Amino acid sequence: AQTVTQSQPEMSVQEAETVTLSCTYDTSESDYYLFWYKQPPSRQMILVIRQEAYKQQNATENRFSVNFQKAAKSFSLKISDSQLGDAAMYFCAYRSPNSGGSNYKLTFGKGTLLTVNP
Amino acid sequence: SAVISQKPSRDICQRGTSLTIQCQVDSQVTMMFWYRQQPGQSLTLIATANQGSEATYESGFVIDKFPISRPNLTFSTLTVSNMSPEDSSIYLCSTRTANYGYTFGSGTRLTVV
């Protein structure tokens, strides 16, 4: 079974600075999908960024970018120019490439609580 | 992408009772997922629900405790039955969207006393 590990339970960053959140995963599959989700206190899960494993280019969405190291099974999230609104719990998630039923489920890491200091 | 309305947003329930959580999607979707998020923990999949068939439950979750209804392609319910304080969690529904994305309901915070 796939596992997702986030080794940083908590991180903090000064406003306007850059922070990197770590994520590693374990899988025997060669193609899969990786996601970063943000969960603010409102509980709403918000997609931050996603990466298809077959794509070598790292995904980027505005201030958010990933460092995808397939051989190392690492998928870190970099937040540049951090803003107070970035404060939230961040979850890394994995999805199998296989189709059908619960294969479409997401497997989540335990999360990293990000605090942004003014 | 799809928008999910989830109700109730929170509830406080007596042990031994049941609570039904509803998720309404603004478009037709094939598959819906129900997750549990225990306090301070990650999301764990309870079951996958397809319209017209029985839900598929993950290891550690059973239909008698978490019966799921999926009467059509826009609606699903999860019931938490015979509740105990250990069932106090956030429950979220989710569905797949285009381009391998997923959207989530806003969650139900359940407290069992």
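Just so you know, these numbers use all the heavy atoms, side chains as well, and skip hydrogens, waters and symmetry mates. Residue numbers start from 1 in every chain, and the chains themselves are labelled A, B, ... in the order their sequence lines are given, proteins ahead of strands. Everything numeric here is computed off the predicted structure, so don't read it as measured data.
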Does a donor on one side chain and an acceptor on the other come within less than 3.5 Å for [X] and [Y]?
X	Y	answer
Trp34(B)	Ser76(B)	yes
Thr95(B)	Tyr102(B)	no
Gln24(B)	Thr74(B)	yes
Glu86(B)	Gln38(B)	no

Quick one: which of Arg50(A), Glu52(A), Lys110(A), Met89(A) has the most heavy-atom pairs under 4.5 Å with chain B, could you say?
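When all of Arg50(A), Glu52(A), Lys110(A), Met89(A) are compared, Arg50(A) has the most.
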In a check of ring pair (Phe, Tyr, Trp, His ring centres under 6.0 Å) between Tyr25(A) and each of Phe108(A), Phe75(A), Tyr32(A), Tyr33(A), which one passes?
Tyr32(A)
Which portion of Leu43(B) sits near chain A, non-hydrogen atoms under 4.5 angstrom
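Answer is both: backbone and side chain atoms of Leu43(B) are under 4.5 Å from chain A.
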The test is side chain to side chain donor-acceptor pair (under 3.5 Å); show your working for Gln28(B) and Gln51(B) and say whether it passes.
CA-CA 10 Å; Gln28(B) 293 185 338; Gln51(B) 191 267 334; over 6 Å; no
Taking side chain as everything from C-beta outward and backbone as N, CA, C, O, which of these in Gln6(A) sits under 4.5 Å from a heavy atom of chain B? Side chain, backbone, both or neither.
neither
By a 4.5 Å heavy-atom criterion (distance strictly below it), what part of Arg43(A) contacts chain B: side chain, backbone, both, or neither?
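Interface part for Arg43(A): both.
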Which of residues 4-21 of chain B have a heavy atom under 4.5 Å from any heavy atom of chain A?
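Near chain A, by residue number: Ser9(B), Arg10(B).
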Please report the C-alpha distance between Glu58(B) and Tyr35(B) in whole Å, then the side-chain angles of each, then the deciding distance to 0.1 Å, and finally whether the side chain to side chain donor-acceptor pair (under 3.5 Å) criterion is met.
CA-CA 10 Å; Glu58(B) 296 296 299; Tyr35(B) 290 87; over 6 Å; no
Check whether any side-chain N or O of Gln44(A) sits under 3.5 Å from a backbone N or O of Phe104(B) as a donor-acceptor pair, and report yes or no.
yes
